[in-house]
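Just so it is clear, the structure is predicted and the values come from calculations on it, not from any experiment. One-based numbering, in listed order, for ligands and for the atoms of each.
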Amino acid sequence: MRMKTTDLTRIYRLGPSEITAVNKVNLEITEAMFMAIVGPSGSGKSTLLHLIGLNDYPTFGKICIDDADVSLLSSSEHRKIRLLRMGFVFQTFNLLPTLSALENVELPMALAGKSSKEQTEKALRLLEAVGLSNRLVHRPKELSMGEMQRVAIARALANDPEMIIADEPTGELDSKTAKEIIALLFEINRKKKAIVVVATHDEKIVDVADRIYLIEDGGLRLQS
Ligand SMILES: Nc1ncnc2c1ncn2[C@@H]1O[C@H](COP(=O)(O)OP(=O)(O)O)[C@@H](O)[C@H]1O
Ligand SMILES: [Mg+2]
């Protein structure tokens, strides 16, 4: 996947006040890139990730995937692209509390219409790859935070995404666990050639990124 944004802008209107959370962002994301977006709290990181993850609509500007403008597609078409081509990892994991680790990883494949045999085989493989073969039947509350994030990463990989979008994925983790999670994202990026876009203020992620962008007041600029 290649993604290009042109003057991507998101303005939140709350009553009489307007907040320009993302301001004219021009970004090119190419195959297999590991990209970090750093910036202080409130600078627009999550808003930008929601836009490029087709989870929100820009107020102005556009997003192209492989040269096709996707900004005006319907939300159900966006949902399909998200499900089949993207994977999301959040700071607070967003696992379904009533489902086991295995079931959480199977879910995106169920939504994509995969057979239950395929769902289970793939989920087992993914959980093994993230080092959780011994936690299959555990529910989220029976897992450590690092383990929850591994499940979330396995879930994000379920439909072989071309792009993984991670919003402060190590924000809730201690520094040792954070390092392991970053190493895992890096390994996925290098092995599966999946694009990884991480919003963070974690220096350790910045160390492994191919490209680092700084966002301030919604404006993005290349840092290195
Ligand atoms: N749903 C919303 N409605 C109104 N303002 C919002 C909303 N979400 C975020 N904002 C504002 O937009 C700005 C950017 O927020 P956000 O993208 O969450 O930043 P970050 O992820 O870098 O902390 C902040 O000023 C925030 O208060
Ligand atoms: Mg945020």
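- Shortest contact from atom 9 (C) of ligand 1 to any protein heavy atom: Y12 CE1, 3.4 Å.
- Near S41, meaning under 4.0 Å from one of its heavy atoms, ligand 1 places the atoms 23 (O).
- Counted within 6.0 Å of NZ on K114, heavy atoms from surrounding residues, nucleotides or ligands total more than 12; the atom is thus considered enclosed.
- Taking backbone and side chain together, S46 holds an N, O or S atom under 2.8 Å from the Mg ion (ligand 2).
- Side chains of D56 and H50: no donor on one and acceptor on the other come within 3.5 Å.
- The N/O atoms of A21, backbone and side chain alike, include none that comes under 3.5 Å of an N/O atom in ligand 1.
- Proximity of atom 16 (P) of ligand 1 to the protein is indicated by at least one non-hydrogen atom lying closer than 4.0 angstrom.
- Annotation for D217: atom CG does not count as buried by contact number, only 12 or fewer foreign heavy atoms lying within 6.0 Å.
- With a 4.0 Å cut-off on non-hydrogen atoms, P40 touches ligand 1 through its backbone and not its side chain.
- Only one option out of L8, T9, D7 pairs with T5 in a side chain to side chain contact (heavy atoms under 4.5 Å, CB included); it is L8.
- Taking a cut-off of under 4.0 Å to the non-hydrogen atoms of T47, the atoms of ligand 1 that pass are 15 (O), 16 (P), 17 (O).
- For D167 and K45, the salt-bridge test fails: no basic side-chain N is under 4.0 Å from an acidic carboxylate O.
- Environment of NE2 in H201: sparse, with no more than 12 heavy atoms of neighbouring residues, nucleotides or ligands closer than 6.0 Å.
- With V206 as reference, I212 is the one residue of I37, I182, V198, I212 to meet the side chain to side chain contact (heavy atoms under 4.5 Å, CB included) rule.
- By the 3.5 Å distance cut-off applied to N or O atoms, G42 is counted among the residues near ligand 1.
- Using a 4.0 Å cut-off between heavy atoms, L14 contacts ligand 1 through its side chain alone, with no backbone atom that close.
- In terms of heavy atoms, F93 sits closest to E172 at CZ-CB, 4.1 Å.
- Not one N or O of E168 is nearer than 3.5 Å to an N or O of ligand 1, by distance alone.
- Not a single protein heavy atom sits closer than 4.0 Å to atom 26 (C) of ligand 1.
- When the heavy atoms of S46, G218, G44, G39 are ranked by distance to atom 18 (O) of ligand 1, first place goes to S46.
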